[in-house]
> 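I am attaching a structure below and will ask some questions about it afterwards.
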Amino acid sequence: MQTKIEALAAEPVDPADALAKFGVGQPMRRIEDRRFITGAGLYTDDEREPGMLHAAFLRSPHAHAGIRSVDVAAAAAAPGVVAVFTGADWQAAGLTGLPLRPTIKQADGSPIATPPRPGLAVGRVRHVGDCVALVVAKTARAALDALELIAVDYAPLPCVVDAREALQTTAPALWPDHAPGNLGFLWRVGDADKTAGALASAAHVVTLDLVNNRLVPNSMEPRGVVVRHDAATGRVTLSGSIQNPFGFQSLLCELFGWPKDKLRCRADDVGGGFGCKNQLQPEHAMMVLVCEKLKRTVKWVNDRSGSFVSDAHARDLSTTVRLGLDASGRFVALAVETVANLGAYMSTNGALIPTLPTAAVLGGAYTIPAISMQVHAAFTNTVPVDAYRGAGRPEAIYLLERTIDVAARQLGIPAARLRRKNLIRPAQLPYRTALGRDIDSGAFETVLTRALELADEKGFAKRAALAKKHNARRGLGIAYYLEATLGPPADSARIAFAPDGSAVISVGTQSNGQGHETSFTQIAAAQFGIAPDAIAYRQADTDITPEGGGHGGSRSLQLGGTAVLLAARQIIAKGKRIAAHLLEAGEADIEYRPGRYAIAGTDRGVSFTEVVTASFDPARLGPDMAPGLDETARYEREGFNYPNGAHVCEIEVDLATGIPRIVNYVVVDDFGRIINPLIVRGQVTGGIVQGIGQALYEDTRYDASGQLVTASFMDYSLPRADDLPPITLELFQDAPTRTNPLGAKGCGEAGATGAPPAVVNAVVDALEEFGVVHLDMPLTREKLWSAIQGAKR
Amino acid sequence: MYEFKFHRPATVRQAANLLAKNEDAKLVAGGHTLIPVMKQRLASPPHLVDLSKVENLSGIEMKGRALSIGAMTTHADVAGSPIVGEAIPALAYLAGVIGDPAVRHRGTIGGSLANNDPTADYPAACLALGATIVTNKRRLKAEEFFAGLFTTALESDEIITRVTFPLPKKAAYVKFRNQASRYALVGVFVARRPSDVGVAVTGAGADGVFRVTAFEEALKKRFASKALEGLSVPADGLNADIHGSAEYRAHLIGVLAARAVDAANGK
């Protein structure tokens with residue numbers, strides 16, 4: 001799995017570096033899997049307690065409608081019902097909209113539109129699935145029964161679901177007072193004049209219109225929370241399926257005007273998030289409000305149908321790309337104009353996703369001297385759009401890698417050669433992009449070459465010829481992705497030892513299933529030279545763990561993992577003083593190797609575990625030493641880093657049916673230094689599968705009346721195991737980043753970033769003889785069949 | 001799910017009596033269609049009559065020149081049965097491509113036929129093979145049994161007990177799955193019988209499963225995929241939805257029928 005390629009621009013690895021030993025870099029099996037596989041995990045719906053109440057939300061069946069009245073009398077009187085809430089209760093509590101943290105301003109410097117998103121609809125519903133009322137009952141079933149007794153008098157309004165249509169002057173207005181013309185914002189980045197000038201004088205300009213299709217996140221565990229009230233202290237605790245307890249605490253306290261110590265937020269096991277559990281949603285706010293009112297424990301778990309129409313959707317962009325090339329095929333300029341669909345409300349990170357993270361990697365791993373982008377973001381009568389695996393970077397890479405393939409065909413240059421010609425060379429590193437980002441490390445051409453080698457690019461022509469014999473066509477698709485790890489900039493970790501030599505690691509970030517429990521433990525175990533099972537793991541609890549930025553942006557290992565490393569180093573430093581005291585030697589003479597302190601040049605030493613034990617015994621400590629080994633460290637990133645790699649997809653399209661079958665998939669990833677290759681493989685595979693899903697299968701369709709017609713797994717197609725190819729993964733580790741002490745670049749989102757363009761490039765390559773230049777995702781079987789038929793006609 | 005009364009009879013007669021006595025009672029076989037719909041509160045039968053403990057409703061055996069499969073036999077049992085594999089391998093194959101493993105271990109042949117989902121697999125096999133659906137009251141030819149979308153000739157207190165399939169000389173099923181649901185977007189079952197040819201299509205027909213007589217006539221003259229060249233099924237009367245237009249389905253019927261004939265011929 002880990003094949004080292006010739007070192008290029010690599011930092012020499014210190015052989016004494018503990019990270020190179022004791023498990024780091026080893027494919028250690030995941031500690032948490034036993035719990036998950038045996039059903040011993042603690043997910044939201046596993047939480048039970050006597051007297052716990054159950055909540056259920058009434059959702060709008062209309063895409064856009066005024067609410068004339070909501071009659072809850074019958075529901076409130078139904079058996080088992082404790083309380084029923086409507087938008088009137090939200091208003092009565094003095095609340096307007098969920099808090100937002102706009103991170104961008106419009107191109108003219110004005111603020112973006114932030115129309116108020118209430119916990120329950122006030123006067124109007126704006127998408128199918130919008131929350132209208134909330135029933136709290138003694139059982140989940142009583143709550144569902146009562147929902148059916150609520151009478152809502154709707155006055156249906158015309159609706160719009162397409163962002164480009166929403167920006168037309170004739171479109172129905174969702175927010176006439178807050179967002180005239182449905183415009184959420186117009187945002188620009190880059191030097192538009194310079195880019196326009198470079199395009200005007202370019203030898204070739206390749207233009208491509210493309211759509212990045214809307215996706216439904218479909219985490220395996222639906223969203224849900226349990227909210228508890230403590231009568232003794234008046235405090236409220238929210239636990240559940242969320243990605244960022246500290247973020248939730250901050251947003252909810254801002255909403256309710258509470259001091260932070262009034263609200264505790266925590267997450268136990270979380271069954272997948274992919275971004276959709278990062279937003280503060282109306283249900284969360286209502287659950288806290290209701291708990292505070294009723295002073296009872298209340299549980300809410302979304303069902304799958306509710307998830308389809310309320311989990312923040314993803315992507316949904318229409319883009320025009322113009323790529324300028326000089327006569328030799330060098331990229332000279334890239335201009336991008338996008339219309340982004342925000343959905344009905346500005347979601348927590350809704351304004352961020354199509355703007356800054358896209359700009360962070362726009363231009364990819366190529367030298368492009370002039371880049372500009374503008375984004376019109378529109379409100380529509382659809383589920384709000386927010387972060388989803390990759391969050392803005394897959395969009396940037398898709399538009400670029402597709403356009404490069406179109407350019408290669410137009411210019412008659414092989415797609416791989418055109419990429420090589422333009423990839424940033426090692427000598428150019430660190431490379432400042434036209435949008436001001438500094439790419440610190442990478443060996444892009446080496447990685448691409450290796451991927452093409454593993455994919456047997458040389459043998460492709462022969463395989464393509466064979467395919468023709470059975471009425472099929474083969475295509476080879478390449479995508480070189482550049483990622484930028486993002487999210488909040490800091491994380492903290494605490495490591496506390498007990499006298500028996502066992503330790504507890506507490507981190508503020510959290511796992512949604514990625515395996516932090518294992519990776520973080522490996523980092524610490526390697527430092528201490530102790531067995532991983534002597535270390536327990538705690539995550540994401542605003543009361544008991546140090547602060548963290550949550551899960552998102554492929555950030556956890558490099559920030560939280562580094563914080564663990566720093567806390568471990570602090571422990572080791574303190575241990576050194578204790579060891580010196582025990583060995584009656586000067587501290588400067590003590591050497592530490594994982595597991596043991598020794599007096600340099602002698603065989604006299606003391607084990608790390610003995611030092612731990614001694615640290616709790618005042619009699620064995622020096623006069624100025626506090627007992628115990630308990631250290632907290634905070635790490636704030638010094639700079640962004642740029643995971644990158646090459647995806648090569650070989651696909652065969654059956655001409656009679658249009659069925660695309662991926663026959664081979666190769667990826668070479670540069671994630672810097674690897675802590676646990678087994679976990680990395682899992683992350684990459686999952687990401688690629690989601691990317692293949694977007695490219696071939698996942699079709700989120702609204703009809704003209706604003707109904708989501710793909711609102712269940714009967715109609716929304718997720719990729720299945722038997723749709724998927726074997727994936728060859730190689731990890732290139734010879735270009736570690738210098739932006740963090742681990743040398744690690746994030747790996748969580750890379751697969752979903754590289755796969756869509758690789759798959760689409762492969763299909764378009766396969767159908768070249770039919771005149772296919774571009775097809776929008778998902779590349780369904782009928783779409784391919786129609787393209788083939790179109791050429792035959 | 002709403003409240004309902006659950007009955008678990010031990011004999012077919014008891015089950016039929018429960019159906020006769022309780023209006024709107026529903027039989028539960030594998031439950032893989034009914035239960036999800038009840039969970040979504042889209043169906044609320046006041047009585048459920050569970051067939052799982054009724055004696056003599058499952059099992060696979062040869063009866064003379066016919067294969068007999070009990071109504072409560074699961075898809076997994078049919079797929080894995082050496083008897084079916086020997087007698088009509090195409091039927092075992094079909095059972096093995098229904099749904100997913102969970103569905104195949106709960107879903108039953110009787111339940112599938114009684115539901116007559118227009119995208120289910122078994123109806124195509126029954127029609128093409130000339131199966132007989134045996135109930136507590138009578139024997140129904142497949143032709144008489146299927147009566148349109150989710151509709152059959154079954155009376156309200158009639159219960160399928162088994163299905164018998166006369167052995168074909170050759171047969172094959174080719175399924176083009178709905179990418180999302182894994183039901184048949186189009187499924188074609190082709191059977192060369194001793195004195196007939198059956199070509200039955202599921203998934204595509206606006207009225208459910210149907211036979212393609214033009215294909216059958218051509219194949220009777222020559223049982224080879226070449227015999228189908230130039231023949232096609234009109235798109236009129238076929239399903240059209242987000243998963244496939246009527247034209248695409250019509251085209252697929254031709255492609256799959258030819259592939260099924262090739263498969264039946266061992267090609």
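In what follows, chains carry the letters A, B, and so on, assigned in the order in which the sequence lines appear, proteins first and then strands, with residues in each chain numbered from 1. What you see is a predicted model; the values in this text were computed from it and never measured.
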> Could you tell me which portion of A:Tyr716 (side chain, backbone, both or neither) has an atom closer than 4.5 angstrom to a non-hydrogen atom of chain B?
backbone
> Hey, which of A:Val709, A:Asp303, A:Asp723 has the most heavy atom pairs under 4.5 Å with chain B?
A:Asp723
> For A:Arg141 and B:Met1, which heavy atoms make the closest approach, and how far apart are they?
CD-O, 3.4 Å
> So what's closer than 4.5 Å to chain B heavy atoms on A:Asp145: side chain, backbone, both or neither?
both
> Please check this pair: side chain of B:His251 against backbone of A:Thr657, looking for a donor-acceptor N/O pair closer than 3.5 Å.
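Flag not set: sc B:His251 to bb A:Thr657 has no pair under 3.5 Å.
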> Hey, what do you get for OG1 (B:Thr119) to CE (A:Met714), rounding to the nearest 0.5 Å?
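It is 6.5 Å, given to the nearest 0.5 Å.
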> In terms of heavy-atom proximity below 4.5 Å to chain B, should A:Arg781 be classed as side chain, backbone, both, or neither?
both
> Assess whether atom NZ of B:Lys170 is packed by more than 12 heavy atoms of other residues, nucleotides or ligands within 6.0 Å.
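Correct, the count exceeds 12.
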> Starting at NE2 of B:His243, measure out to OG1 of A:Thr780 and round the result to the nearest 0.5 Å.
11.0 Å
> Please identify, among A:Thr710, A:Asp722, A:Leu718, the residue contributing the most non-hydrogen atom pairs under 4.5 Å to chain B.
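Top option by heavy-atom pairs under 4.5 Å: A:Asp722.
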> Considering only heavy atoms, which portion of A:Glu148 lies under 4.5 Å from any heavy atom of chain B: side chain, backbone, both, or neither?
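Contact with chain B is through the side chain of A:Glu148 alone.
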> Can you check side-chain contact (heavy atoms from CB on, under 4.5 Å) on A:Asp699 and B:Ile242, steps first, answer last?
CA-CA 10 Å; A:Asp699 199 359; B:Ile242 58 167; over 6 Å; no
> Going by an N to O cut-off under 4.0 Å, is there a salt bridge joining B:Asp241 and A:Arg701?
no
> So which atom in B:Ala180 and which in A:Asp715 form the shortest heavy-atom distance, rounded to 0.1 Å?
CB-C, 3.5 Å
> NZ of B:Lys220: more than 12 outside heavy atoms within 6.0 angstrom?
yes
> Salt bridge check: are B:Arg259 and A:Asp654 linked by an N-O gap of less than 4.0 Å?
yes
> Using heavy-atom distances under 4.5 Å, tell me whether A:Ile659 contacts chain B through its side chain, its backbone, both, or neither.
side chain
> Step through the shown structure and confirm whether more than 12 heavy atoms of other residues, nucleotides or ligands are within 6.0 Å of CD on B:Glu23.
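No - once you tally the heavy atoms of other residues, nucleotides and ligands closer than 6.0 Å, there are 12 at most.
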> Against chain A, label B:Arg177 side chain, backbone, both or neither, depending on which of its atoms sit under 4.5 Å from a heavy atom there.
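Interface part for B:Arg177: both.
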> Is the count of non-hydrogen atoms from other residues, nucleotides or ligands lying under 6.0 Å from A:Arg720 atom CZ greater than 12?
yes
> So among A:Ser717, A:Pro719, A:Pro778, which one has a side chain to side chain contact (heavy atoms under 4.5 Å, CB included) with B:Gln179?
A:Ser717
